[in-house]
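Here's the structure we're looking at; comments come further down.
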Amino acid sequence: MTEDKIDNNETQKQYQADNIQVLEGLEAVRKRPAMYIGDISGRGLHHLVYEVVDNSIDEALAGFANTIEVFIGKDNSIRVIDNGRGIPVDMHEKMHKPALEVVLTVLHAGGKFDKGTYKVSGGLHGVGVSCVNALSDYLRAEIHRDGKIYMQEYAFGKPTSELCVIGETDRTGTTIIFHPDASIFTETVYDYETLANRLRDLAYLNAGITLTLTDERVTDEEGNPRSDRFHSDEGLKEFVKYIDEGKEHLIEDIIHINTEKNGIPVEVAMTYNTSFNENIFSYVNNINTIEGGTHLSGFRRGLTTTLKKYADDNKMLEKMKIELSKEDFRDGLTAVVSVKVAEPQFEGQTKTKLGNSEVNAAVSQAISEALRYYLEEHPAQAKAIVNKVIIAATARHAAYNARMKVQRKSPLAGAGLPGKLADCKSRDAAVCELFLVEGDSAGGSAKQGRNPNYQAILPLRGKILNVEKAMEHKVFESQEIVNIFKTLGVTIGTEEDSKAVNMTRLRYHKIIIMTDADVDGAHIATLLMTFFFRRIRPIIENGYLYIATPPLYKCTLKGKKGVSEYAWNDQQVQRFVDDICGGDRNKLNLQRYKGLGEMNPEQLWETTMDPENRMLKQVTLTNAAEADRTFSVLMGEEVGPRRDFIEEHATYANIDA
């Protein structure tokens with residue numbers, strides 16, 4: 001096309017200088033919040049708290065604070081109080097504003113960019129508290145410093161008052177109070193357990209610091225709010241004890257390493273248990289590096305070479321007929337690796353993979369020296385660990401044979417699918433849904449009620465194998481689990497890693513656990529979640545796993561067959577009584593659904609399977625260490641921790657007639 005034929009009127013939806021939008025101050029954060037805090041759902045909402053707490057932790061790491069208090073207000077506001085030095089309030093020479101206002105309104109402003117102020121810092125990009133300010137409809141900063149209490153208020157990232165003195169004080173510290181902007185976040189209610197888990201981790205990662213969490217929304221009979229205190233004197237040693245609470249110990253010791261190599265502080269705690277899982281959790285400057293990185297590589301290298309050399313030197317592998325793999329040395333291992341790096345370089349999709357090459361050698365050297373000394377000083381424990389490695393190699397070989405037997409018999413391009421599977425017509429994994437249904441009766445209703453274009457049904461016979469207690473080859477001898485693998489289209493294991501998951505042929509992007517609303521149904525759902533967490537964790541990490549929530553009741557107005565509603569809890573039943581029955585419970589005909597099979601196909605579709613009406617709970621993984629501990633406690637061998645867990649978390653007795 002020649003230039004003179006271009007439709008100039010049309011092009012002159014002009015792209016000129018005045019089309020270039022310049023976002024000033026914190027407008028960019030409000031325009032694209034997910035770029036700064038990950039997302040605008042519950043995860044991003046809680047991230048606001050972490051940003052403020054991380055600033056207080058930085059003060060503690062620098063040696064100026066030892067107490068951090070977090071309060072959840074009745075209106076879901078957050079108050080964070082520390083006893084650090086207090087954010088500076090004097091005038092900033094370049095910005096001509098109080099330093100406090102600069103910190104709260106300017107991206108990439110803060111003491112963590114001055115290595116003389118903070119040697120290491122938990123924040124990734126220095127946008128922390130300014131982002132919190134930008135995404136809050138109200139923020140108040142109170143600074144205790146130089147004998148005075150300074151205060152300034154903000155809304156939507158902009159100051160609504162001047163910095164002023166509101167009193168005198170004999171302490172130092174910073175108090176930040178903020179309320180998230182409901183026009184930004186899709187969820188604005190804080191979850192106590194989510195915050196408690198993060199503060200607990202921080203207490204373990206920073207021995208000697210005390211963190212408290214108080215929920216002013218919940219009070220006991222005496223009017224006291226719910227509260228927890230987190231403090232650790234032994235740091236990572238106590239962290240590993242906590243994670244491993246529900247597991248049977250192979251050795252009683254926690255091997256604890258706290259040293260500095262090449263100017264990099266390295267702390268590691270590790271132990272072995274009798275399970276068949278590897279659980280290593282890594283942190284850099286208190287950031288959970290879920291994708292690992294050079295510190296994790298250094299730990300694995302130091303562990304493998306040191307254990308292998310010890311076993312060879314003591315002629316403990318002479319009778320081995322199977323070649324050892326690196327992963328054999330990590331079977332039954334629980335470890336936490338924490339390093340402090342002055343200038344961390346992060347990579348990976350979620351920016352949680354450490355890239356600093358110098359950290360690899362530092363961690364590897366620290367592990368090699370400390371572990372070599374431990375093995376020499378504790379020959380009985382060393383022998384138990386090496387024997388565990390030999391058992392792991394034997395089990396890996398057996399699992400490989402069982403896995404290959406299954407995967408060779410079941411080409412995943414459509415053939416070899418389980419006979420019980422009622423597959424859907426679509427082959428687009430992005431729209432396809434798989435319902436894992438408890439029992440043939442419910443499976444029959446689901447098959448009749450579903451939309452066959454995109455919904456598949458796989459009935460399960462009874463309770464699947466508890467993979468928490470089973471060796472890997474036993475997993476591939478379980479027909480129900482093999483059927484799940486075949487149906488999903490995933491394969492397990494490569495030459496380098498026998499537990500690696502290949503998701504390239506995954507056939508469904510929604511996998512929905514649908515069980516009865518009773519004790520047995522809850523147990524089956526927990527067994528399935530354990531299976532996915534232990535064996536196909538990428539299903540959870542990618543957001544593909546869901547729990548269906550069938551209604552517990554059908555409420556009908558007596559004498560009025562057409563006047564009925566489904567209810568998922570007792571509160572909804574009471575609302576039906578109040579609104580429809582005029583407050584008279586005698587007018588209520590209440591049907592309790594104990595099993596999915598009690599619903600006809602139309603009811604099951606209407607309440608539990610129809611995307612327009614159903615309520616699905618997405619299974620997410622926000623804290624892998626806490627999830628590992630929970631599955632071990634609930635599904636492991638140890639009875640005591642499970643009893644304690646149930647007594648602590650049970651809110652009512654679910655007794656079935």
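Predicted model only: the values in this text are computed from it and were never measured. This chain uses plain numbering: 1 for the first residue, then up along the sequence.
- Listed for the Arg30 side chain is a donor-acceptor partner under 3.5 Å among the backbone atoms of Ala134.
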Do any side-chain atoms of residues 546-557 form donor-acceptor pairs under 3.5 angstrom with protein atoms, and if so which ones, sequence neighbours left out?
from	atom 1	to	atom 2	distance (Å)
Tyr546	OH	Gly543	O	3.4
Tyr546	OH	Gln618	NE2	3.4
Thr549	OG1	Met615	O	2.4
Tyr553	OH	Asp570	OD1	2.8

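- Nearest approach of Lys486 to Pro418, heavy atoms of both residues: CB-CD, 4.0 Å.
- In this structure, Asp228 does not pair ionically with Arg200, as no charged nitrogen and carboxylate oxygen lie closer than 4.0 Å.
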Show which side-chain atoms of residues 425-432 pair as donor or acceptor with protein atoms under 3.5 Å away, not counting sequence neighbours.
from	atom 1	to	atom 2	distance (Å)
Ser426	OG	Asp428	N	3.1
Arg427	NH1	Cys424	O	2.8
Asp428	OD1	Ala430	N	3.1

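- Of all heavy-atom pairs between Pro459 and Glu480, the closest is O-OE1, 4.3 Å.
- Proximity of a side-chain donor or acceptor of Asp220 to a complementary backbone N or O of Asn224 within less than 3.5 Å is detected.
- For the side chain to side chain donor-acceptor pair (under 3.5 Å) test, no residue two or more places apart in sequence or in another chain qualifies with Asn542.
- Residue-environment remark: NZ (Lys463) exceeds the threshold of 12 foreign heavy atoms within 6.0 Å.
- Side chain of Thr289 to main chain of Ser282: a donor-acceptor pair is present (N/O by atom type, distance under 3.5 Å, no hydrogens or angles).
- Using a 30° and 60° split on the angle between ring planes, His509 and Tyr544 fall in the parallel class, below 30°.
- Remark: the backbone N or O of Trp568 is paired with a side-chain donor or acceptor of Gln572 at under 3.5 angstrom.
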Run the side-chain contact (heavy atoms from CB on, under 4.5 Å) check on Ile512 and Leu434 step by step: do they pass? CA-CA 6 Å; Ile512 303 167; Leu434 173 67; over 6 Å; no

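- For the atom pair CG of Leu417 and CG of Leu458, the computed distance is 10.0 Å after rounding to the nearest 0.5 Å.
- Judged by distance alone, the side chain of Asn197 and the main-chain N or O of Glu193 form a donor-acceptor pair under 3.5 Å.
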For the pair Thr334 and Asp244, evaluate side-chain hydrogen bond (donor to acceptor under 3.5 Å, both in side chains) and give the outcome as yes or no after the intermediate values. CA-CA 7 Å; Thr334 297; Asp244 245 29; 2.7 Å; yes

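- Heavy-atom contacts from other residues, nucleotides or ligands closer than 6.0 Å to NZ of Lys558 number more than 12.
- Sorted by first and then second residue, the ring pair (Phe, Tyr, Trp, His ring centres under 6.0 Å) pairs involving residues 180-201 (not counting sequence neighbours) are His46-Tyr190.
- Between the side chain of Thr186 and the backbone N or O of Ile40, at least one donor-acceptor pair lies under 3.5 Å.
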Any chance you could lay out the side-chain hydrogen bond (donor to acceptor under 3.5 Å, both in side chains) test for Asn451 and Asn453, step after step, and finish with the verdict? CA-CA 6 Å; Asn451 184 326; Asn453 292 318; 3.2 Å; yes

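- At a threshold of 4.5 Å between non-hydrogen side-chain atoms, the residues Thr188 and Asn76 do not count as touching.
- For the pair Val501/Ile536, a side-chain contact is recorded, criterion being any heavy-atom separation below 4.5 Å from C-beta on.
- Here the closest non-hydrogen pair linking Ile280 and Leu296 is CG2-CD1, 3.4 Å.
- Smallest separation of non-hydrogen atoms from Arg537 and Phe533: NE-O, 3.1 Å.
- Closest of all the heavy-atom pairs between Thr620 and Ile540 is C-CG2, 4.2 Å.
- In this structure, Lys474 places its NZ atom where only 12 or fewer heavy-atom neighbours from other residues, nucleotides or ligands lie under 6.0 Å away.
- Between Glu291 and Lys353 there is no salt bridge, since no side-chain nitrogen of the basic residue lies less than 4.0 Å from a carboxylate oxygen of the acidic one.
- Cys581 places a side-chain heavy atom less than 4.5 Å from the side chain of Phe576.
- For Ala446, the side-chain contact (heavy atoms from CB on, under 4.5 Å) partners at least two apart in sequence or on another chain are Val437, Ile457, Met514, Leu604, Met609.
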Using the rule given for salt bridge (Lys or Arg N to Asp or Glu O under 4.0 Å), can you reason through Arg79 versus Glu216, listing the C-alpha separation, both sets of side-chain angles and the distance that settles it, and then say yes or no? CA-CA 11 Å; Arg79 185 165 78 256; Glu216 296 173 344; 3.1 Å; yes

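- Between the CG atom in Leu528 and the CG atom in Leu460 there is a gap of 6.0 Å [rounded to 0.5 Å].
- Atom-to-atom distance recorded for Ile481:CD1 and Leu465:CG is 4.5 Å, nearest 0.5 angstrom.
- Counting only distance, with no hydrogens or angles, the side chain of Gln448 and the backbone of Pro601 share no donor-acceptor pair below 3.5 Å.
- Taking the side chain as every heavy atom from C-beta outward, Asn613 and Thr608 never approach each other to under 4.5 Å.
- Side-chain contact between Ile177 and Ile78 is absent, with no heavy atoms from C-beta onward closer than 4.5 Å.
- Residues Lys247 and Asn277 are not in side-chain contact: their nearest non-hydrogen atoms beyond the backbone lie 4.5 Å or more apart.
- When ring centroids are compared, Tyr508 and Tyr454 stay outside the 6.0 Å threshold.
- With salt bridges taken as basic N to acidic carboxylate O contacts below 4.0 Å, none links Glu51 and Arg198.
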Asp75 vs Arg217, test: side-chain contact (heavy atoms from CB on, under 4.5 Å). Steps then yes/no. CA-CA 8 Å; Asp75 60 348; Arg217 302 168 302 181; over 6 Å; no

I'd like to know whether Phe230 forms a side-chain contact (heavy atoms from CB on, under 4.5 Å) with Leu213, so could you lay out the CA-CA distance, the side-chain angles of the two residues, the decisive distance to 0.1 Å, and finally the verdict. CA-CA 8 Å; Phe230 306 103; Leu213 177 62; 4.2 Å; yes

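- Judged purely by atom type and a 3.5 angstrom limit, Thr219 has no side-chain atom pairing as donor or acceptor with the backbone of Pro225.
- Geometric assessment of Arg450 against the ring of Phe435 yields a negative cation-pi assignment under the 6.0 Å and 45° thresholds.
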Give the C-alpha distance, both sets of side-chain angles, the deciding distance and a yes or no for side-chain hydrogen bond (donor to acceptor under 3.5 Å, both in side chains) between Ser41 and Glu187. CA-CA 5 Å; Ser41 66; Glu187 187 178 327; 6.0 Å; no

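- Of the inter-residue distances, the one linking Ile539 atom CD1 with Leu621 atom CG reads 13.5 Å to the nearest 0.5 angstrom.
- Listed for the Gln574 side chain is no donor-acceptor partner under 3.5 Å among the backbone atoms of Gln571.
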Kindly determine whether Phe476 and Phe485 satisfy side-chain contact (heavy atoms from CB on, under 4.5 Å), including the steps that lead there. CA-CA 9 Å; Phe476 288 93; Phe485 274 121; 3.9 Å; yes

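- Proximity of Arg507 to Leu488: side-chain heavy atoms (C-beta onward) are nowhere separated by under 4.5 Å.
- With sequence neighbours excluded, no residue forms a side chain to side chain donor-acceptor pair (under 3.5 Å) with Arg535.
- In this structure, Thr515 and Gly521 approach most closely via the heavy-atom pair OG1-O, 3.0 Å.
- Considering only heavy atoms from C-beta on, Ile243 stays 4.5 Å or farther from Tyr204 through its side chain.
- A donor-acceptor pair is defined here as one N or O able to donate and one able to accept, closer than 3.5 Å; such a pair exists between the side chain of Asp39 and the backbone of Gly44.
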